[in-house]
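Presented below is the structure to which this report refers.
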Amino acid sequence: MNRMKKIGTLCIPVVFVIFFSCSKQSETVTQWPYGVNYEIFVRSFADSDGDGIGDFNGLTAKLDYLKELGIGGIWLMPIMPSPTYHKYDVIDYKAVDKEYGSEEDFQRLVEEAHKRGIRILVDLIVNHTGSAHPWFKSAMEGKDSPYRNYYVWANKDSIRQEISKKSTSLDSDNITQWHPVNGDTLAEHYYGFFWGGMPDLNLDNPLVRQEFVDIGNYWLKDMHVDGFRLDAAKHIFPTERAADNHAFWIWFRNEMQKINPDVYLVGEVWSNAADVAPYLKGLPALFNFDMGYAITRVVQAGKDTVGLIHTYAEIDNFYTQSTNEFIDATFLKNHDQNRILSELGGDLNKARVAAAILLTLPGTPYLYYGEEIGMLGVKPDEYIREPFIWDFDKQDKMQTTWEVPVYSNDHTVTPLTKQQESDSSIYHFYRQFIHYRNASKILTYGRIEEAPLAIQEVVSFLRDKDGEKRLVLHNVSDVAITIELTGPLAQFKKVEFDSSHSSELKNDELNLPAYASVILK
Ligand SMILES: [Ca+2]
């Protein structure tokens, strides 16, 4: 077995030749959807017309930036008409919100993205509409409305106990799920899991299901998007109808595949892996929340106290019990969570190693916009969705200004343009790592297993594709660590990639600087 010696907290002078990836600018071997995806809040990304609100044309103008970063697909947070800033309460599923531009602007965005080999996913909210949706406005008028059964209604006596139920969930702290219309507590109540402003649709009703087939047609056929991110996928039916939830997504997938056999669906089931797994039959990619939490905990602690790769294997085990046909959707944080850098106390070294772990795991890694420049943000939600920082104050005309940022501004975060000039920036780190991954069949497609190396400060694992192996080592601590490559690890003789540019491999001893990620072949 391998032993380790801690060398202390100081860096050792670099005296050996640094082996570095010869594939820095190599062609990508990664096929959609195995590349690195990028979640964008359009409002905060890039503004083309000077109203301070990000829009489609702004994003189109920045596609080359994403291409250069190495991004293979973009998930756009909701873009359909909605009265709220976040647009998760849709009032028209077959249109784009004018705040973001016209249908033609959106089609041009998709076309330009496709020219660059970048796929486009849109957020689709099937669970509920906004209360200002015309269907709901009609439904509220009474039992004779043709849209009454588009929603879920109950007599107050039959739901008396549920009205007083006070249960919350990971994705909602709402405790009132039945809501009276216009305060009339004697009349029928409607069901709204998240809140009264988001009435749940009745997906037992075939007419509502047909609406979503039509909506799928609109986005896939007319707008040419490549797939959907499915919001709140576990709430289609109440928790006690989990099997119906699973079956719903199998139905949905079949319908979407009739429209486009290559459609990509990634779902949000914000639960533990055991509850997530049964959804894979309908939604062959699901966000791996458990892994995101585990990476965060390990990097926060500076040691692998959770057994990160063992955790990965446990999750994978739940998944493969459900199906073998899935592509994991990994991520550190999304638009509903505090930003990773804030969770790591603003420590950019920790943010780098967290990103490095993400980018060396199997599946489709999702970045949340701004992670690559070290944006900060702590809830409430508006402050984890702040404007992307392109340049110093007013230097980039596309900078969005719709809100005054609390956490990320050009004092707290080095703007992109400045980071692009520096080889030591976190942006450069991300770009280099993504390009390395994109050029590696093993990292993109290979299996993963624990490495026989018991060092808590190092997250270590093997990746394997067709018998070709890589040893991946992430030092999550703030001290340099020396690893003896003996026994089964003696086969790894050469550094293929080194995020620190200063690791040393000599006589089967690898010196791994603090927070360094090294991949050996
Ligand atoms: Ca705008």
Side-chain angles (χ1 to χ4, degrees), residues 38-69 71 73-116 118 120-125 130 132 218-219 222-225 229 334-335 339 367-373 375 377 380-410 413 415-417:
Y38 190 90
E39 178 189 359
I40 290 182
F41 184 39
V42 176
R43 186 177 210 87
S44 281
F45 203 62
D47 170 28
S48 70
D49 59 5
D51 66 356
I53 296 172
D55 46 51
F56 300 134
N57 289 339
L59 174 50
T60 304
K62 298 295 188 183
L63 283 172
D64 285 332
Y65 163 68
L66 297 172
K67 175 74 180 164
E68 202 181 311
L69 185 59
I71 298 304
I74 300 171
W75 153 25
L76 300 172
M77 284 166 61
I79 58 170
M80 298 164 199
S82 162
T84 51
Y85 86 95
H86 52 69
K87 306 195 193 298
Y88 275 99
D89 35 9
V90 175
I91 58 171
D92 182 357
Y93 285 93
K94 290 190 273 190
V96 297
D97 198 308
K98 287 187 172 52
E99 267 192 325
Y100 289 172
S102 66
E103 275 191 8
E104 291 71 30
D105 294 336
F106 180 74
Q107 284 169 321
R108 198 169 68 85
L109 163 63
V110 175
E111 196 179 316
E112 291 297 320
H114 286 171
K115 276 185 197 166
R116 291 163 177 78
I118 296 173
I120 298 282
L121 310 174
V122 292
D123 224 314
L124 184 61
I125 302 124
Y218 171 83
W219 288 100
D222 301 348
M223 296 293 116
H224 305 291
V225 305
R229 178 265 183 186
N334 68 20
H335 64 281
R339 281 186 174 273
L367 310 184
Y368 181 45
Y369 82 94
E371 278 176 355
E372 79 279 21
I373 57 168
M375 281 177 64
D381 290 344
E382 288 89 326
Y383 304 132
I384 54 179
R385 304 169 182 174
E386 291 180 341
F388 189 91
I389 302 165
W390 296 98
D391 205 338
F392 289 101
D393 188 34
K394 296 188 177 64
Q395 293 295 303
D396 189 317
K397 289 191 166 56
M398 292 202 165
Q399 178 71 44
T400 69
T401 56
W402 70 274
E403 68 170 341
V404 177
V406 171
Y407 291 95
S408 293
N409 56 51
D410 61 4
V413 177
L416 174 70
T417 46

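Remember, it's 1-based here, ligands and their atoms both numbered in the order they're listed.
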**OP:** Could you please tell me which protein N, O or S atoms lie under 3.0 Å from the Ca ion (ligand 1)?
**Re:**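 Less than 3.0 Å away from the Ca ion (ligand 1) sit D47 OD1, D49 OD1, D51 OD1, I53 O, D55 OD2.
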
Original post:
Who pairs with K115 by side chain to side chain contact (heavy atoms under 4.5 Å, CB included), at least two apart in sequence or on another chain?
Top reply: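 Counting only residues at least two positions away or on another chain, K115 forms a side chain to side chain contact (heavy atoms under 4.5 Å, CB included) with E111, E112.
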
Original post:
For the residue pair M80 and D123, what are the closest heavy atoms and their distance?
Top reply: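 Taking M80 first and D123 second, the nearest heavy atoms are CE-O, 3.6 Å.
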
Original post:
Can a donor-acceptor pair be found between the side chains of D105 and S102 at a distance below 3.5 Å?
Top reply: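 A pair is found: one side chain offers a donor N or O, the other an acceptor, under 3.5 Å apart.
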
**OP:** Pick out which of Y383, Y85, F41, W75 makes a ring-ring contact (aromatic ring centres under 6.0 Å, His included) with H335.
**Re:**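 So the option named by the test is W75.
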
**OP:** Kindly assign one of parallel, tilted or perpendicular to the pair F45 and W390, based on the angle between their ring planes and the thresholds 30° and 60°.
**Re:**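 F45 vs W390 ring planes: perpendicular.
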
**OP:** Taking only Lys NZ, Arg NE, NH1 and NH2, and the carboxylate oxygens of Asp or Glu, determine whether D97 and R43 approach each other closer than 4.0 Å.
**Re:**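 Between R43 and D97 there is no salt bridge, as every charged N stays at least 4.0 Å from the carboxylate O atoms.
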
